[in-house]
**Student:** 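Dropping the structure in here first, questions after.
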Amino acid sequence: MSDDIQMPSCGLPLTPEQHRVLREHGTERPGSSPLNDEKREGVYHCAGCEAPLFDSSTKYESGSGWPSFFSPREGMTETTIDKTHGMTRIEVHCAQCKGHLGHVFPDGPKPTGLRFCMNGVALRFEPS
């Protein structure tokens, strides 16, 4: 029996941790993603459906413990209000499969001033 869980909407296999984050709105431990240290040029895709979400040129070191970007690709993400854990945050989803990616905060660098703080397990990096 496989440890992968089939995504009904896209049919891509997910690990249990990817399923917990993408489908159950979980969060990975800070500092646990190898994508934190990824410095190559390329594109970050949704691990749930392969949609291209972020370009490496928008990635920066936020010190948060999660891969951070100042801007997604146009039209590739959506947001909703998240009022869990006794706070109000803006949750970021893949526009294609609606998978939970992370949250966006207004403390990022120029030019947008935004920090898209993403769960690395929700992303797949493809180098150029």
Side-chain angles (χ1 to χ4, degrees):
M1 180 172 218
S2 171
D3 287 333
D4 291 344
I5 298 169
Q6 290 293 319
M7 261 180 40
S9 60
C10 298
L12 293 178
L14 296 176
T15 67
E17 179 69 355
Q18 287 173 319
H19 186 270
R20 188 181 71 77
V21 170
L22 284 162
R23 300 296 171 237
E24 298 173 359
H25 303 263
T27 300
E28 68 188 1
R29 282 187 356 265
S32 65
S33 174
L35 294 181
N36 288 337
D37 298 323
E38 182 58 64
K39 307 288 189 233
R40 296 175 291 174
E41 291 184 19
V43 176
Y44 293 82
H45 296 261
C46 176
C49 70
E50 296 294 324
L53 303 173
F54 298 94
D55 293 317
S56 61
S57 61
T58 66
K59 186 174 186 278
Y60 71 101
E61 177 53 58
S62 68
S64 67
W66 290 277
S68 298
F69 305 84
F70 60 78
S71 181
R73 282 186 161 195
E74 184 73 30
M76 299 310 294
T77 62
E78 297 173 342
T79 60
T80 57
I81 301 297
D82 174 8
K83 293 188 176 190
T84 61
H85 306 294
M87 61 185 109
T88 300
R89 301 178 291 173
I90 300 173
E91 188 171 358
V92 180
H93 305 271
C94 172
Q96 184 168 301
C97 74
K98 311 305 182 205
H100 168 74
L101 302 170
H103 293 86
V104 61
F105 302 96
D107 60 0
K110 292 181 180 181
T112 66
L114 299 175
R115 172 174 51 102
F116 285 80
C117 191
M118 302 293 98
N119 288 286
V121 72
L123 304 174
R124 182 187 64 76
F125 179 68
E126 185 175 309
S128 299

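Quick note: numbers below take in every heavy atom, side chains included, and nothing from hydrogens, waters or symmetry partners. Keep in mind that this is a model prediction, so the values were computed, not measured.
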**Student:** Please answer: with hydrophobic residues joined when any side-chain heavy atoms are less than 4.5 Å apart, are F70 and F105 in the same cluster?
**Tutor:**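 As far as the 4.5 Å side-chain criterion goes, F105 and F70 are not connected within one cluster.
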**Student:** Identify whether the distance between the nearest side-chain nitrogen and carboxylate oxygen of E78 and K98 falls below 4.0 Å.
**Tutor:**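 Yes, this pair counts.
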**Student:** Taking ILVMFWY side chains as joined if any heavy atoms are under 4.5 angstrom apart, and letting links pass through other members, which residues group with V21?
**Tutor:**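 Cluster partners of V21: V121.
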**Student:** Distance check, rounded to the nearest 0.5 Å: K59 atom NZ versus M118 atom CE?
**Tutor:**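 Output value for this atom pair is 12.5 Å.
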**Student:** Indicate the atoms forming the closest heavy-atom contact of F125 with E41, along with that distance.
**Tutor:**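 Looking at all heavy atoms of both residues, the shortest contact is CZ-O, 3.6 Å.
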**Student:** Roughly how far, to the nearest 0.5 Å, is CG of N119 from CZ of R20?
**Tutor:**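 Those atoms lie 8.0 Å apart.
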**Student:** Whether the D82 and T84 side chains hold a donor-acceptor pair (N or O, under 3.5 Å, no angle test) is what I'd like checked.
**Tutor:**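 Side chains of D82 and T84: pair found under 3.5 Å.
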**Student:** Mind checking whether F69 and Y44 have parallel, tilted or perpendicular rings, split at 30° and 60°?
**Tutor:**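 F69 and Y44: perpendicular rings.
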**Student:** In Å and rounded to the nearest 0.5 Å, what is the CZ to OH distance from F116 to Y60?
**Tutor:**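 That separation rounds to 10.0 Å.
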**Student:** Using every non-hydrogen atom in the two residues, find where P67 and L35 come nearest and quote the distance to one decimal.
**Tutor:**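 P67 and L35 have their closest heavy atoms at CG-CB, 3.9 Å.
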**Student:** Can you tell me which residue among M76, H45, R73 is in a side chain to side chain contact (heavy atoms under 4.5 Å, CB included) with L53?
**Tutor:**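 Single side chain to side chain contact (heavy atoms under 4.5 Å, CB included) partner of L53 among M76, H45, R73: M76.
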**Student:** Decide salt bridge (Lys or Arg N to Asp or Glu O under 4.0 Å) for R89 and E91; before the verdict, give the C-alpha distance in whole Å, the side-chain angles of both, and the deciding distance to 0.1 Å.
**Tutor:** CA-CA 6 Å; R89 301 178 291 173; E91 188 171 358; over 6 Å; no
**Student:** Just by distance, do the side chain of T58 and the backbone of S71 share a donor-acceptor pair under 3.5 Å?
**Tutor:**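 Looks like yes, one N/O pair under 3.5 Å.
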**Student:** Check C94 against A51 and note the closest heavy-atom contact, atom names and distance.
**Tutor:**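 For C94 versus A51, the nearest heavy atoms are SG-CB, 4.0 Å.
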**Student:** Kindly write out the residues that satisfy side-chain hydrogen bond (donor to acceptor under 3.5 Å, both in side chains) with R115, not counting sequence neighbours, or none if the list is empty.
**Tutor:**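 If we apply the side-chain hydrogen bond (donor to acceptor under 3.5 Å, both in side chains) test to R115, skipping adjacent residues, the hits are D107.
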**Student:** In terms of hydrophobic clustering (I, L, V, M, F, W, Y; side-chain heavy atoms under 4.5 Å; direct or indirect links), are M87 and W66 co-clustered?
**Tutor:**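 Unlinked, M87 and W66 end up in two clusters.
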**Student:** Atom OG of S56 and atom CD of E126: how far apart are they, to the nearest 0.5 Å?
**Tutor:**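 So the OG of S56 and the CD of E126 are separated by 11.5 Å.
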**Student:** For H25 and H103, I'd like to know if the aromatic rings sit close, meaning centre-to-centre distance below 6.0 Å.
**Tutor:**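 Not close enough - the centres of the two rings lie 6.0 Å or further apart.
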**Student:** State the OG1-CD distance between T77 and Q96, to the nearest 0.5 angstrom.
**Tutor:**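 With rounding to 0.5 Å, OG1 (T77) is 12.5 Å from CD (Q96).
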**Student:** Return yes if some donor-acceptor pair links the side-chain N/O of H100 with the main-chain N/O of G26 below 3.5 Å, else return no.
**Tutor:**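 Yes; judged by distance alone, with no hydrogens or angles, the pair exists.
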**Student:** Can you name the closest pair of heavy atoms from A122 and L22 and give their distance?
**Tutor:**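 For A122 versus L22, the nearest heavy atoms are CB-CD2, 3.7 Å.
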**Student:** Write down the atom of E61, the atom of S64, and the distance for their closest heavy-atom approach.
**Tutor:**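 Taking E61 first and S64 second, the nearest heavy atoms are OE2-N, 4.4 Å.
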**Student:** Of all heavy-atom pairs between P52 and V43, which one has the smallest distance, and what is that distance?
**Tutor:**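 Minimum heavy-atom contact is CB-CG1, 3.8 Å.
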**Student:** Do other residues, nucleotides or ligands put more than 12 heavy atoms under 6.0 Å from K83 NZ?
**Tutor:**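 At most 12 heavy atoms, drawn from other residues, nucleotides or ligands, come within 6.0 Å of this atom.
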**Student:** May I ask you to decide whether R40 forms a salt bridge with E38, counting only side-chain N to carboxylate O separations under 4.0 Å?
**Tutor:**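 Here R40 pairs with E38 in a salt bridge, since their nearest N and O are under 4.0 Å apart.
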